[in-house]
2 protein chains.
Amino acid sequence: MTVSAKTVPPAEPTTLHQRIRADLEGKILSGEWKPGHRIPFEHELMAQYGCARMTVNKVIAGLVAAGLIERRRRAGSFVIQPRIQSAVLEIPDLANEIAARGETYGYRLLSRRLRVAGGADPAESGMAAGEGVVELRCLHLSNGRPFAVEDRLIALAVVPEAASVDFSQTAPGSWLLGHVPWTAAEHRISALAAGAREARDLDVSKGAPCLCLERRTFRAEQTITYARQLFRGDAYNLVAHFSPKG
Amino acid sequence: MTVSAKTVPPAEPTTLHQRIRADLEGKILSGEWKPGHRIPFEHELMAQYGCARMTVNKVIAGLVAAGLIERRRRAGSFVIQPRIQSAVLEIPDLANEIAARGETYGYRLLSRRLRVAGGADPAESGMAAGEGVVELRCLHLSNGRPFAVEDRLIALAVVPEAASVDFSQTAPGSWLLGHVPWTAAEHRISALAAGAREARDLDVSKGAPCLCLERRTFRAEQTITYARQLFRGDAYNLVAHFSPKG
DNA sequence: GCCGCGCTCATGTCTACACATATGGGCGAG
DNA sequence: CTCGCCCATATGTGTAGACATGAGCGCGGC
């Protein structure tokens with residue numbers, strides 16, 4: 001009997017609730033509805049799904065709680081700018097952090113190369129051998145004194161524009177934050193002793209303790225960038241606030 | 001029109017919603033309702049607050065979403081066991097982390113004192129001078145070798161049970177995670193050189209780089225505990241994964 | 001004594017309605 | 001033409017009732 005095939009596609013015991021929520025969430029997370037987009041009014045969704053307003057309201061309230069949507073009376077409901085605060089560490093923008101401490105931020109590009117990723121790169125960089133990358137080495141200064149040295153790789157396959165950007169004025173972190181949407185990130189934090197070159201760059205003695213922050217940033221399984229930032233141990237702390245609820 | 005006087009004394013711009021939620025949350029976070037406690041049935045709350053069941057339902061649904069409550073059909077709604085967090089993301093449980101790396105975890109209590117907080121404590125500990133605390137110093141071992149030394153203060157005003165717990169077998173972090181619900185935390189991560197005592201405890205040479213993790217954990221404005229964990233720089237990394245969505 | 005059917009009750013989901021509230025924009029008065 | 005009032009509108013909140021679902025428990029049959 002072929003009819004049996006048609007009787008039950010509801011392999012999904014999903015409630016109306018969950019279907020609406022999944023639909024909206026999908027539209028937002030897939031980027032179909034970009035930040036700032038006004039989602040349909042409650043009564044439109046209510047007509048579209050043939051349900052009561054309360055049901056739609058509950059769904060949207062959930063999305064607000066999840067931080068995906070912002071509601072403005074009379075105006076409608078809008079997709080919110082993705083907020084990162086959820087986990088341990090947001091992606092820090094060094095310039096902002098320094099400014100927030102009342103110090104003056106400085107930046108200097110030490111070197112910039114286009115090359116292909118290869119054996120010399122750490123495995124954690126996530127770059128496939130042979131992949132085209134921009135390699136940057138730069139220095140972050142606070143009140144004119146170096147406090148961090150950064151080595152960075154940017155995958156050209158994911159961010160081709162990076163090849164034509166001059167990073168002599170703009171720190172790569174700030175540029176990427178503003179130009180490339182990301183979906184996931186991974187931090188690795190460790191402490192190590194400054195090597196000869198790092199000691200020279202950071203103006204500390206060789207062997208001085210440094211905070212090392214390695215970060216990989218992803219967009220949908222692809223590695224966008226790998227950064228290794230080495231901070232003077234005596235000049236920088238990472239601070240993270242968080243709560244289970246937000 | 002006298003009727004206007006009767007409508008609402010709007011001294012409180014709080015909605016019924018928020019009042020109920022605040023009540024329940026308060027009972028849970030204050031510890032009045034301990035983990036496992038069955039909260040009143042929806043129809044009881046509905047009678048108690050003189051509102052519709054839907055209103056109570058919405059509140060409880062919110063608490064479920066916040067991870068404070070678990071609901072079981074027919075049985076009722078229960079205060080949930082404070083979640084032992086996904087280790088890397090939020091508050092790490094060292095024993096789990098070590099086990100996840102396939103190494104054997106060991107723990108040793110170095111000292112334990114009941115005393116009052118005082119001037120010698122770092123200001124960041126958040127403990128008020130004169131407040132009763134448990135002071136612990138302990139060692140975390142991986143494969144028999146020390147990799148972290150921990151100094152901890154636990155506020156007896158918030159966690160009186162801690163006075164009678166013998167921490168010689170259980171690490172205070174694990175015990176607290178399982179027994180005390182928390183609402184917020186703050187991490188401060190830095191790199192510093194091992195001092196004489198730390199070098200001895202960690203079996204490294206004096207001046208070796210160490211990763212220092214200071215953590216304050218709060219329950220509703222009160223500091224529950226302050227911990228300072230010093231890791232061997234050559235043996236431990238903090239890793240954090242995160243994404244905008246969770 | 002043991003198994004299973006069915007009752008009961010608490011939660012899960014949804015509807016239809018009602019009134020409150022804030023605000024953008026239109027309209028009228030000056 | 002400009003300013004200010006008012007109203008339409010979209011969300012915010014709450015009510016009263018309905019049916020669905022699933023798990024505990026007792027009763028009755030074997």
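Below, read A as the first sequence line, B as the second, and so on, with proteins coming before strands; counting in each chain starts at 1.
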Quick one: does A/S77's side chain have a donor or acceptor within less than 3.5 Å of a partner on A/E70's backbone?
no
Whole angstrom is fine here: how far is it from CD in A/E42 over to P in D/dT13?
11 Å
Determine whether a donor-acceptor pair (one donor, one acceptor, N or O, separation below 3.5 Å) exists between the side chain of A/R53 and the base of D/dG12.
yes
By nearest-nucleotide position on DNA chain C, the 5'-leaning member of A/K58 and A/R74 is A/K58
Whole-Å distance between C/dG24 P and A/F78 CZ?
10 Å
CZ of A/R72 versus P of D/dA10: gap in Å, rounded?
15 Å
Would you call B/E42-B/R71 a salt bridge at under 4.0 Å N-O?
yes
State the CZ-CZ distance between A/F41 and A/R53, to the nearest 0.5 angstrom.
12.0 Å
Proximal nucleotide (of D/dT15, D/dA10, C/dT23) relative to the A/F41 side chain
D/dA10
Tell me the interatomic distance from B/I69, atom CD1, to C/dG12, atom C1', rounded to whole angstroms.
16 Å
Find the distance A/R21:CZ to C/dC14:C1' and express it as a whole number of Å.
18 Å
Should the pair B/E44-B/R38 be classified as a salt bridge under the 4.0 Å nitrogen-to-oxygen rule?
yes
In whole angstroms, how far is the C1' atom of D/dA8 from the CZ atom of A/R73?
15 Å
At less than 4.0 Å, is any side-chain N or O atom of B/R71 found next to OP1 or OP2 of C/dG12? Yes or no.
yes
Output for pair (B/T104 OG1, B/N143 CG), nearest 0.5 Å, gives 4.0 Å
Between D/dT13, D/dA18, C/dC14, spot the one nearest the side chain of A/H17, thanks.
C/dC14
For the pair made of NE2 in B/H43 and P in D/dG17, what is the distance, rounded to whole Å?
16 Å
Can you tell me how far P of C/dT23 sits from CZ of A/R38, to the nearest Å?
18 Å
Please work out if B/L16 contacts a base, only the sugar-phosphate, or nothing of the nucleic acid, heavy-atom cut-off 4.0 Å.
sugar-phosphate
From the candidates C/dT13, C/dT15, D/dG14, the one with an atom nearest any side-chain atom of A/T55 is C/dT15
With respect to the side chain of B/A52, which nucleotide from D/dT15, D/dT11, C/dT15 is positioned closest?
D/dT15
If you assign A/N57 and A/A75 each to the DNA chain D nucleotide with the nearest heavy atom, which residue ends up on the more 5' nucleotide?
A/A75
